[in-house]
Amino acid sequence: MRPRLPDTKLKPAAAPPRRPPPPPAAARLLSTAAPPSDPCHLQQQQQQQQLDLDDHIARGDLTRARHLFDRMPDPDARAYNSLIRAYSWRGPAHAAGALALYAAMLRDARCPPNKYTFPFVLKACSALQDLRAGRAIHRHAARAGLHADLFVCTALIDLYMKCARFVPAAAVFHAMPARDAVAWNAMLAGYALHGMYHHALECLLRMQEGCASLRPNASTLVALLPLLAQQSALCQGKSVHAYSVRASLHDKDGVLVGTALLDMYAKCGELLYARRVFEAMPIRNDVTWSAIIGGFVVCGRMTEAFGLFKDMLAQGLGFLSPTSVASALRACASLADLHIGKQLHVLLAKSGLHSDLTAGNSLLSMYAKAGLIDEATALFDEMAAKDTVSYSALVSGYVQNGMADAAFLVFRKMQACNVQPDVATMVSLIPACAHLAALQHGKCSHGSVIVRGMAPETSICNALMDMYAKCGRIGLSRQIFDVMPARDIVSWNTMIAGYGIHGLGKEATALFLDMNNHACEPDGVTFICLISACSHSGLVTEGKRWFHMMAHKYGITPRMEHYISMVDLLARGGFLDEAYQFIQSMPMKADVRVWGALLAACRVHKNIDLGKQVARMIQKLGPEGTGNFVLLSNMFSAAGRFDEAAEVRIIQKEKGFKKSPGCSWIEINGSLHAFIGGDRSHPRSPEIYQELDNILVDINKLGYQADTSFVLQDLEEEEKEKALLYHSEKLAIAFGVLTLSEDKTIFVTKNLRVCGDCHTVIKYMSLVRRRDIIVRDANRFHHFKNGQCSCGDFW
DNA sequence: CTAGGGTTAG
C-alpha cells in the first residue's frame with residue numbers, strides 16, 4: 001500500500017514533472033556535448049547539477065534552485081533533501097512547498113525519503129503547525145526504522161511543542177535512547193514559547209544533572225532569556241549573563257545572545273545594563289537596534305529612544321526595519337508628536353517599507369492617537385493587506401476619538417471580511433459600548449466574548465467591568481470582579497473608579513483597603529480613582545487623608561493628575577478658597593486642567609468673584625481645549641457680562657475649537673435615541689414637548705423656579721426658561737417617560753455635565769412621574785428617586 | 001534575539 005500523502009493546510013504546489021521527463025532538446029544540446037547515453041557522463045552531469053543546486057540554495061535563490069531541480073532528469077534523494085531543507089527554513093510560505101516536494105518524493109518510487117528527509121519535513125510541519133501531516137511523517141519515519149533517530153525525535157518534539165501538545169512531546173523526549181543539548185533545547189524552547197516559566201526552568205536544571213550532564217549552549221540561553229524578560233526575573237537574567245561570559249558563549253553567537261540579554265535587561269527596567277550590553281557588542285544587527293530602541297520606548301524614555309533611532313540612521317539605512325520604526329512610532333503616539341511621526345511616515349515611504357503590515361499598523365495607530373482619525377481611515381483604506389491588528393487599531397481609534405458608533409461599523413466590516421477578532425479587538429470594542437452606555441450592545445459583546453472563550457482573560461474582564469459600571473450596572477461589575485480568575489492593578493482601579501462614578505465612596509474605600517489584603521500594590525492611578533471617588537461622595541476629609549497617605553505611606557509622588565483630583569475634591573466640596581490655596585502650594589506650576597477643575601466648581605457654587613480670578617489665570621495660560629472656553633464663557637454669562645462671554649466664544653471659534661453640542665441619548669430595546677437641545681428631529685417630538693410642558697406645569701405647582709443663571713446667552717427671561725426646558729437630557733427623559741412602563745428605570749446618558757437647572761427639574765420629575773431616573777453625565781451617575789438625587793449636592 | 005492593535009484616572 002502506498003503511504004498516505006501528508007495533509008497540508010496550504011494548497012500543495014504541483015509535483016515536479018516526473019519520468020519520463022523529456023529533457024528539452026535545446027537544453028540538452030546546450031549543456032552537453034557527449035551523447036546522453038554515456039553512463040559515466042550522466043553521473044558527471046548529475047554531480048554538476050547537484051553542485052549547482054547547492055550553490056543556488058547557498059545564495060538563497062530558491063527560484064533558481066527550484067527551476068534547476070524541475071529540469072533534473074533524474075533527481076536523487078539528495079537533491080530532494082537539499083530543496084526540502086531549503087524550503088523548510090524559509091518560514092510558512094515555503095513550508096508548504098517542502099511538504100509538496102515530500103509528497104512528490106513519496107510518489108517517486110526510486111528515491112524513498114531517508115534520515116536526512118524526515119527532520120526537515122517535520123520542521124516544515126512545525127512552521128505550518130500541521131499536526132496531522134507531522135503524525136503521518138512520523139509513521140513513515142518509524143516504518144523506515146527511524147523512530148528513535150535523534151534528529152527525527154527532536155524535530156517531532158519541536159512540532160508538538162509549537163502546537164502546545166506538551167504530553168506527546170514529553171513522551172517522544174523520554175522515549176529517546178539518548179538526548180543531546182539540541183533535544184533539551186527543543187523542550188525548553190517549547191515551554192518558553194508558551195510562557196511556561198517553571199517547566200522551562202526545570203528543563204534547564206535537569207539537563208545539567210546526572211552523568212550525561214549537558215551544558216546549556218547559546219541556543220539554550222536565547223530561548224530562556226525572553227522568558228526571564230517576560231517574568232522580569234532580573235536576578236536569574238543576571239546569572240545567565242554571568243554564565244554566558246564564563247562559558248564564552250558571547251563569542252560564538254554574540255549577536256543573538258547579546259540581543260537577548262539587552263532585551264531582558266530593558267524589559268526588567270534596567271536600561272543602564274541594557275545600554276552597556278549594547279555598547280559592548282562588537283556586531284549588531286537590525287534586531288539588536290530594534291531591541292534597544294524598543295526597550296527605551298517600553299520604559300517611557302522616548303527622547304533617548306529617538307536618539308538611538310538617529311544613531312541607527314547615522315550608520316546608513318542598513319539596520320532600518322519595520323520593527324524599529326514601529327517602536328519609534330509608538331513613542332510618537334505616546335508623546336502625540338505628530339511632527340516626528342510624519343517624518344517617519346516619509347522615511348518608510350522612501351525606504352520602500354510603507355507596505356509592511358507592522359509599519360502600516362503602527363502608522364495607523366499613531367495617526368488615530370494624534371486625533372487625525374481621517375488620516376488613519378485613509379491609511380487603512382489604502383493598506384493592501386489588513387489583519388486583525390489593523391482592524392483593532394481602527395476600532396480603538398474611533399473609540400478614542402469619541403466616535404463609538406463608527407467603531408461598531410468597523411467591527412461589522414471586519415466580520416464581513418472574515419477577519420477574526422481576538423482579545424485585543426474585543427478589549428477595543430467593549431469601551432465603545434461603555435461610552436454609549438449601550439447596555440444591549442455591551443451584553444452582546446459579553447456573550448460574544450464568552451462564545452469565543454475569551455471570558456476568563458483579565459483584560460476582557462476589566463473592559464467588561466468598566467462597561468457595566470458605565471451602563472449603570474455596578475452590581476454586574478462587582479460580580480465579574482469577584483469571579484475573574486486573575487486580577488491585575490487595572491481590575492482594582494476599574495472597580496474603585498466604578499464605585500466612584502456611582503457615588504459609592506464608602507465601597508470604593510473598602511475595596512482599596514481590601515486591595516492591601518490581597519498583596520496588590522496600589523499605583524498612581526489607584527489614588528486618582530480613590531480621591532475622585534471621595535470627591536463624588538463628598539468625602540473631603542477622607543480624600544485629603546488618602547492624598548497624604550499616597551505620598552507618605554505608599555511613596556508615590558503626586559503627578560499633575562493627582563492635583564487635578566485634589567482641587568476637584570476640595571472645590572466641589574465647597575472649599576473653594578482651600579482649593580485655591582492648595583494650587584498655590586503646588587510644587588509645580590498648575591496646569592490649565594487644574595484651574596479648569598476649580599473654575600467648574602466656582603460655577604457650581606456660583607462664586608463669581610473667585611471665578612473671575614480663575615478665569616484670568618486660564619486666559620493667561622491659554623484655554624487649551626474646548627472645555628475651558630465653555631467654562632470661561634459660562635462664567636461671564638453667569639456674571640451677566642454677556643459681551644465678554646460672546647468674545648470668548650468668538651475666540652474659541654477663531655481658534656477652531658468646536659464645542660461639542662450637549663447631547664443625551666437613551667437606549668430603548670437595544671436602539672439608541674439621541675437628542676440635542678431644542679431638537680425636534682425625533683419622530684415623536686410633538687408628544688415629547690407636550691409631555692415636558694405638562695411636567696413643567698406640575699412641578700411649578702410644587703414650587704420649582706427656573707434657575708436661569710445656567711443659560712449662556714443674553715436672552716429675555718422667558719426665552720431663557722424655554723432654552724433650559726428643552727435641554728437634551730430633559731428631552732431624552734421625557735421620551736423615556738413616554739415609552740417605558742412605570743416599573744422600568746429611565747437611563748439617560750449625556751456627553752457633557754448635567755446643568756444645575758436640569759438637576760433640579762429631574763429631581764421633581766422623579767417625584768411627579770414616580771420614576772427612577774438615572775443620568776450618566778460626563779462626570780458621574782445621578783440616581784433620581786422620590787425627588788432626591790443620590791449625589792446630594794455634590795454634582 | 002526585536003516589533004504593530006487593547007482595559008483603569010480627570
Side-chain angles (χ1 to χ4, degrees), chain A residues 218-219 221-223 225-226 229 253 255-264 266-267 285-295 297-298 321-330 333 356-366 368-369 387-397 399-400 421-431 434 457-467 469 488-498 500-501 523-533 535 559-569 591 593-594 596-597 600 627 778-779:
Chain A
S219 306
L221 305 193
V222 167
L225 280 166
D253 274 308
V255 182
L256 265 59
V257 176
T259 305
L261 276 172
L262 83 81
D263 180 61
M264 179 275 297
K267 293 223 171 85
N285 63 14
D286 54 332
V287 182
T288 317
W289 280 102
S290 294
I292 191 77
I293 293 168
V297 171
V298 165
S321 64
T323 317
S324 54
V325 180
S327 289
L329 280 168
R330 220 177 112 176
D356 180 87
L357 192 55
T358 300
N361 290 338
S362 314
L363 268 178
L364 165 54
S365 167
M366 187 272 295
K369 289 207 177 88
D387 65 357
T388 306
V389 177
S390 328
Y391 280 96
S392 309
L394 198 61
V395 167
S396 82
V399 178
Q400 283 158 7
D422 64 6
V423 170
T425 319
M426 297 312 287
V427 169
S428 309
L429 186 73
I430 294 169
E457 292 283 334
T458 303
S459 56
I460 291 275
C461 291
N462 294 345
L464 285 172
M465 279 161 54
D466 181 54
M467 183 274 293
D488 62 8
I489 182 70
V490 178
S491 321
W492 290 91
N493 294 351
T494 305
M495 199 62 230
I496 292 173
I501 56 175
D523 67 359
V525 177
T526 313
F527 284 95
I528 297 172
C529 299
L530 187 60
I531 294 168
S532 81
S535 168
R559 292 196 317 249
M560 192 65 79
E561 281 78 3
H562 295 104
Y563 290 107
I564 298 172
S565 301
M566 278 304 287
V567 169
D568 183 65
L569 171 85
D591 200 279
R593 296 171 298 169
V594 178
N779 216 276

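Order of the sequence lines fixes the chain letters, A, B, ..., with proteins taken first and strands second; residue numbering starts at 1 for each chain.
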Mind checking [X] for me? I need base, sugar-phosphate or nothing, with any heavy atom below 4.0 Å counting as a touch.
X: A:D356; result: nothing
X: A:V423; result: base
X: A:D286; result: nothing
X: A:E457; result: nothing
X: A:A424; result: base
X: A:S321; result: nothing
X: A:N285; result: base
X: A:I531; result: nothing
X: A:P322; result: nothing
X: A:T494; result: sugar-phosphate
X: A:S396; result: sugar-phosphate
X: A:S324; result: nothing

* Asked: Considering residues at least two apart in sequence or located in another chain, which fulfil the side chain to side chain donor-acceptor pair (under 3.5 Å) criterion with A:S396?
  ->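 So A:S396 forms no side chain to side chain donor-acceptor pair (under 3.5 Å) with any residue.
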
* Asked: Just by distance, do the side chain of A:S290 and the backbone of A:D286 share a donor-acceptor pair under 3.5 Å?
  ->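 Confirmed, A:S290 side chain pairs with A:D286 backbone.
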
* Asked: Is a side-chain donor or acceptor of A:H562 paired with a backbone partner of A:F527 at a separation under 3.5 angstrom?
  ->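 Checking the backbone N and O of A:F527 against the side chain of A:H562, no donor-acceptor pair under 3.5 Å is found.
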
* Asked: Do A:D387 and A:S390 have a side chain donor and acceptor closer than 3.5 Å?
  ->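 A pair is found: one side chain offers a donor N or O, the other an acceptor, under 3.5 Å apart.
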
* Judged by modelled atom types alone, do A:D523 and A:T526 share a side-chain donor-acceptor pair under 3.5 Å? ->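 The answer is yes; a qualifying pair exists.
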
* **chain A footprint on DNA chain B, 5' to 3' - any atom under 4.0 Å from a heavy atom** =>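 First and last nucleotides in contact are B:dC1 to B:dG10.
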
* Decide yes or no for A:I460 and A:L464: does some side-chain heavy atom of the first lie under 4.5 Å from some side-chain heavy atom of the second? =>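 A:I460 reaches A:L464 side chain to side chain.
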
* To do: Working to the nearest 0.5 Å, report the span between CD1 of A:I430 and CE of A:M465.
  =>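 A:I430 CD1 to A:M465 CE: 12.0 Å, rounded to 0.5 Å.
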
